[in-house]
J.: 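Got a structure here, written out as structure tokens. Questions coming.
As the structure is a prediction and not an experimental result, all values here were calculated from the model.
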Amino acid sequence: MARRKKIYEGKAKILYEGPEPGTIVQYFKDDATAFNAEKKDVIDGKGVLNNRLSEFFMNGLTQIGVPTHFIRRLNMREQLVRSCEIVPLEVIVRNYAAGSMSKRLGIAEGTQLPRPIVEYCYKDDALGDPLVTEEHIAAFGWASQQDMDDILSLALRVNDFMSGVMLAVGIRLVDFKIEIGRVYDGDYQRLIIADEISPDSCRLWDIETGQKLDKDVFRRDLGNLTDAYSEVARRLGVLPKSNVSKPTLIN
């Protein structure tokens, strides 16, 4: 069957025209990148795992009333999602200090924050996705004040859900980033969770050992990335134990 028309290719996914108007097929690649794509590799099975894990999280959010772009998984590497206009921001929720926050503020990694802190980065690879304030967002018209109120509410609801799900399987949700999309029903605009939620976009640490089960394994050369993602999937019941070593065989 002929491949559908490609709309966009990013570092970890390819978007194709969907089978129905207003839909997109999101394909998960095995490519891994870090440090704004300065470090690159191809990790066998990574795309399959992220497809399944993002499906799991998006379905869970839908069940608690958080709107997402996810419609259904199509196969091992593809899912059907609703087309939306992406707000040009990465929305980051931090529960513990890690990564760039630790470097910027001199806070030891793993320090629990007094409350979840929400940060915003302007989506621009050429600029390195710089940190921005709500003043920047309002001044440049990237989102209205009502949008920002809704984005904050969505981000915190995702955090509550994800934190609980991960805690139940012995994993600490250190931080994560999401993207927000706009959809229109006539003249009415709605904000939804878009892109993906996976170990690519979260920091996940084993509660007992502190072992990293996210993309920091690749960033910091801490071991096999597929093994780390497979462990998350296994604990969540997304990946049967018998298939952990062969994620590419999942249907």
J.: When you look at CZ of R104, are more than 12 heavy atoms from neighbouring residues, nucleotides or ligands closer to it than 6.0 Å?
T.: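 Count over threshold, so yes.
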J.: Would you compute the distance between atom CG of L191 and atom CG of D150 and round it to the nearest 0.5 angstrom?
T.: 5.5 Å
J.: Atom CG of D175 and atom OG of S201: how far apart are they, to the nearest 0.5 Å?
T.: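 D175 atom CG to S201 atom OG measures 10.0 Å (nearest 0.5 Å).
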J.: Please answer: with hydrophobic residues joined when any side-chain heavy atoms are less than 4.5 Å apart, are F57 and V158 in the same cluster?
T.: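 Yes: a chain of side-chain contacts under 4.5 Å links F57 to V158.
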J.: Look at the side-chain heavy atoms of Ile, Leu, Val, Met, Phe, Trp and Tyr, link any pair under 4.5 Å apart, and say whether L225 and V42 land in one connected group.
T.: no
J.: Any side-chain heavy atom of Y120 sitting closer than 4.5 Å to one from H136?
T.: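 No, every pair of side-chain atoms sits at 4.5 Å or beyond.
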J.: With the 4.5 Å side-chain cut-off for hydrophobic clustering, are L173 and I193 part of the same group?
T.: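 L173 and I193: one cluster.
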J.: Do R52 and R73 touch side chain to side chain, with heavy atoms closer than 4.5 Å?
T.: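 Result yes, sub-4.5 Å side-chain heavy-atom pair found.
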J.: Take atom NZ of K40 as the centre, draw a 6.0 Å sphere, and report whether it contains more than 12 heavy atoms from other residues, nucleotides or ligands.
T.: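 Counting neighbours around NZ of K40, 12 or fewer heavy atoms of other residues, nucleotides or ligands fall under 6.0 Å, so no.
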J.: Under 4.5 Å between any side-chain heavy atoms of V91 and L154, yes or no?
T.: no
J.: Can you see which heavy atom on Y184 is nearest to which on E85, and at what distance?
T.: OH-OE1, 3.4 Å
J.: Quick one: does Q79's side chain have a donor or acceptor within less than 3.5 Å of a partner on I71's backbone?
T.: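 Such a contact is absent between Q79 side chain and I71 backbone.
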J.: Below 4.5 Å, heavy atoms only, C-beta onward: do L213 and P199 meet side chain to side chain?
T.: no
J.: Can you tell me how far the OG atom of S198 sits from the NZ atom of K215, to the nearest 0.5 Å?
T.: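 Reported value, rounded in 0.5 Å steps: 8.5 Å.
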J.: Could D160 and R157 be called an ion pair, given the rule that one side-chain N must be under 4.0 Å from one carboxylate O?
T.: no
J.: What's the spacing between I137 CD1 and M148 CE if we round to 0.5 Å?
T.: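 Output value for this atom pair is 3.5 Å.
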J.: Looking at Y96, is R172 sitting on its ring face, NZ or CZ under 6.0 Å from the six-membered ring centre and within 45 degrees of the normal?
T.: yes
J.: With a distance cut-off below 6.0 Å to the six-membered ring centre and an angular limit of 45° from the axis, does K46 pair with Y229 as a cation-pi contact?
T.: no
J.: If I compare all heavy atoms of F70 with all of N59, which pair ends up nearest, and what's the gap?
T.: CE2-OD1, 3.4 Å
J.: Using the ring of each side chain (for Trp, its six-membered ring), is Y16 parallel, tilted or perpendicular to Y27, with breaks at 30° and 60°?
T.: perpendicular
J.: With the side chain counted from C-beta on, respond yes when P19 and L80 share a heavy-atom pair under 4.5 Å apart, and no when they do not.
T.: yes
J.: Would you say R190's side chain and D185's backbone share a donor-acceptor pair under 3.5 angstrom?
T.: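 Not a single qualifying donor-acceptor pair exists.
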J.: Between Q145 and D149, is the side chain to side chain donor-acceptor pair (under 3.5 Å) condition met? List the steps.
T.: CA-CA 6 Å; Q145 185 56 58; D149 292 344; 3.0 Å; yes
J.: How far does OH of Y8 sit from CD1 of I14, to the nearest 0.5 angstrom?
T.: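 Going from OH on Y8 over to CD1 on I14, the span is 11.0 Å.
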J.: Tell me, do E17 and I7 make a side-chain contact under 4.5 Å, heavy atoms counted?
T.: yes
J.: Taking the side chain as everything from C-beta on, heavy atoms only, tell me whether D195 gets closer than 4.5 Å to K13.
T.: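 Heavy-atom side-chain distance check passes, below 4.5 Å.
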J.: Side chains of M101 and T111: does their closest heavy-atom pair fall under 4.5 Å?
T.: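 No, every pair of side-chain atoms sits at 4.5 Å or beyond.
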J.: Show the nearest heavy-atom pair for residues G181 and A194, with the distance to one decimal.
T.: N-CB, 4.0 Å
J.: Looking only at non-hydrogen atoms, find the nearest pair between E90 and K123 and report the distance.
T.: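 Taking every non-hydrogen atom into account, CG-CG, 3.7 Å.
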J.: Is the backbone of G47 close enough, under 3.5 Å, to the side chain of D30 for a donor and an acceptor to pair up by distance?
T.: yes
J.: At what distance, to the nearest 0.5 angstrom, does CZ of F176 lie from CD1 of I92?
T.: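 The CD1 atom of I92 is 10.5 Å from CZ of F176, to the nearest 0.5 Å.
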J.: Using side-chain contact (heavy atoms from CB on, under 4.5 Å), reason through T68 and I192 one step at a time and then give a plain yes or no.
T.: CA-CA 5 Å; T68 79; I192 62 176; 5.6 Å; no
